[in-house]
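From a predicted model like this one, the values you see are computed outputs, not experimental measurements.
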Amino acid sequence: MAYFYSRLFHLSAISYYVNSFLLTRSFKSPITNQILLILGAGLFDGKHPGSELKRRLNKAIQLSQLADRVAIIVSGGQGLDEQRSEASAMKEYLIEHQVMAQKITIEDQSKNTWKNLVNSQQIILHHFDDKRSIAVISNQYHLLRVCLYAQKLHFKVEPIGVTSDYQLYPSASIRELISILLLHPYRHCLMAIILAIIISLV
């Protein structure tokens, strides 16, 4: 049985990497009337954006320069090892890089990706024009899980992926793959059983 689970894991990994690659190339909407949702990540020294989070923020800065009507939501609460919320650090970084403060809305209560999306969706429903398209910015390895969560919430978003530090990517992508497998453990167990049956008959 361990062999079959290994085969399932490898097939899942291939599917994960292919889908993650395709998602990074799926963004097509014009920036003109966009809401950019930037998902938080750990803070360096507990106070400032780390390298992965800076990549997300720099992408938002680049896109915000293309149109005046872009709105930005920064989403991230305060972790146990952080001295401030990720959202407040993100806003400060954006302002330091010439993004106008009035363009930025803070969501600083979320503790994980699911709550990032839940809380941000509520902010958008209550404070923004529902005709605006929504782009979510995160690292490429993170986007597939983000889109799966958004689908469960009926939250229509377009993914924008940014590259990651090559040293962090392998461990981060494996962590994401495991998280995705755990979203539907019974379904994946059933797939393992079916795969085992098929292989035994070949």
Side-chain angles (χ1 to χ4, degrees), residues 20-45 47-79 82 84-110 112-147 149-150 153 155-165 168-169 172:
S20 295
F21 175 80
L22 293 174
L23 279 173
T24 63
R25 282 148 182 79
S26 65
F27 181 72
K28 297 178 180 178
S29 291
I31 301 299
T32 310
N33 195 29
Q34 190 79 248
I35 296 172
L36 301 178
L37 169 57
I38 314 169
L39 302 185
L43 300 180
F44 172 73
D45 71 11
K47 294 183 287 188
H48 303 100
S51 61
E52 296 294 272
L53 185 51
K54 282 183 179 179
R55 291 171 187 261
R56 303 177 190 185
L57 292 165
N58 290 336
K59 185 66 174 181
I61 291 166
Q62 175 194 346
L63 294 174
S64 70
Q65 292 170 346
L66 301 177
D68 292 334
R69 292 199 63 202
V70 169
I72 296 174
I73 297 174
V74 288
S75 177
Q78 181 175 345
E82 295 172 338
R84 62 194 299 197
S85 72
E86 294 166 7
S88 67
M90 293 159 74
K91 180 176 181 179
E92 180 179 87
Y93 183 90
L94 292 172
I95 292 172
E96 288 174 352
H97 289 78
Q98 313 306 314
V99 177
M100 293 184 292
Q102 57 266 37
K103 284 188 174 185
I104 306 168
T105 301
I106 280 184
E107 185 289 296
D108 59 2
Q109 299 302 307
S110 54
N112 52 47
T113 301
W114 174 258
K115 293 301 290 185
N116 284 143
L117 294 173
V118 169
N119 294 346
S120 298
Q121 184 181 36
Q122 291 304 308
I123 288 174
I124 291 168
L125 287 173
H126 291 97
H127 299 287
F128 288 92
D129 182 348
D130 61 4
K131 294 181 181 178
R132 288 194 176 201
S133 55
I134 303 153
V136 61
I137 301 176
S138 192
N139 297 85
Q140 292 173 355
Y141 60 76
H142 191 213
L143 282 181
L144 181 56
R145 183 156 61 99
V146 170
C147 289
Y149 283 163
L153 291 167
F155 186 16
K156 186 177 180 181
V157 299
E158 294 192 64
I160 299 179
V162 297
T163 57
S164 302
D165 187 304
L168 296 175
Y169 183 80

Please report the closest heavy-atom contact between [X] and [Y], naming both atoms and the distance.
| X | Y | value |
| --- | --- | --- |
| Leu36 | Ala60 | CD1-O, 3.9 Å |
| Thr163 | Arg55 | O-CD, 3.0 Å |
| Val70 | Arg132 | C-NH1, 4.4 Å |
| Gln121 | Leu153 | NE2-O, 3.2 Å |
| Val136 | Leu143 | O-CD2, 4.3 Å |

As an exercise, state the distance from [atom1] of [X] to [atom2] of [Y], rounded to the nearest 0.5 Å.
| X | Y | atom1 | atom2 | value |
| --- | --- | --- | --- | --- |
| Ile61 | Leu66 | CD1 | CG | 12.5 Å |
| Leu117 | Ser110 | CG | OG | 9.0 Å |
| Lys103 | Ile35 | NZ | CD1 | 13.0 Å |
| Asn112 | Tyr149 | CG | OH | 7.0 Å |
| Met90 | Ser75 | CE | OG | 7.0 Å |
| Ile124 | Lys156 | CD1 | NZ | 13.5 Å |

message: Working note: Asn119 + Glu107, criterion side-chain hydrogen bond (donor to acceptor under 3.5 Å, both in side chains); need CA distance, chi angles, decisive distance, verdict.
response: CA-CA 7 Å; Asn119 294 346; Glu107 185 289 296; 3.2 Å; yes

Is any side-chain heavy atom of [X] closer than 4.5 Å to a side-chain heavy atom of [Y]?
| X | Y | answer |
| --- | --- | --- |
| Tyr93 | Val74 | no |
| His48 | Lys54 | no |
| Val162 | Asn58 | no |

Short side-chain to backbone donor-acceptor contact, [X] and [Y], under 3.5 Å:
| X | Y | value |
| --- | --- | --- |
| Arg84 | Lys47 | yes |
| Arg56 | Gly40 | yes |
| His127 | Ile123 | no |
| Glu86 | Ala41 | yes |

query: When you look at Leu37 and Asn116, which way does the side-chain contact (heavy atoms from CB on, under 4.5 Å) test go after all the steps?
result: CA-CA 9 Å; Leu37 169 57; Asn116 284 143; over 6 Å; no

Glu52 and Asn139: side chain donor to acceptor below 3.5 Å: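 A donor-acceptor contact under 3.5 Å links the two side chains.
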
message: Just checking Gln98: does its CD atom have more than 12 heavy atoms from other residues, nucleotides or ligands closer to it than 6.0 angstrom?
response: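 It does not: Gln98 CD has 12 such atoms or fewer within range.
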
message: The test is side-chain contact (heavy atoms from CB on, under 4.5 Å); show your working for Ile160 and Leu63 and say whether it passes.
response: CA-CA 11 Å; Ile160 299 179; Leu63 294 174; 3.5 Å; yes

task: Please report the C-alpha distance between Phe44 and Leu53 in whole Å, then the side-chain angles of each, then the deciding distance to 0.1 Å, and finally whether the side-chain contact (heavy atoms from CB on, under 4.5 Å) criterion is met.
output: CA-CA 9 Å; Phe44 172 73; Leu53 185 51; over 6 Å; no

- prompt: Can you list the residues that meet the side chain to side chain contact (heavy atoms under 4.5 Å, CB included) rule with Asp108, with sequence neighbours excluded?
  reply: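 With neighbours one apart ignored, the set is Ser85, Ala87, Ile106.
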
task: Might you work through the side-chain contact (heavy atoms from CB on, under 4.5 Å) test for Phe155 and Val146, ending with a clear yes or no?
output: CA-CA 10 Å; Phe155 186 16; Val146 170; over 6 Å; no

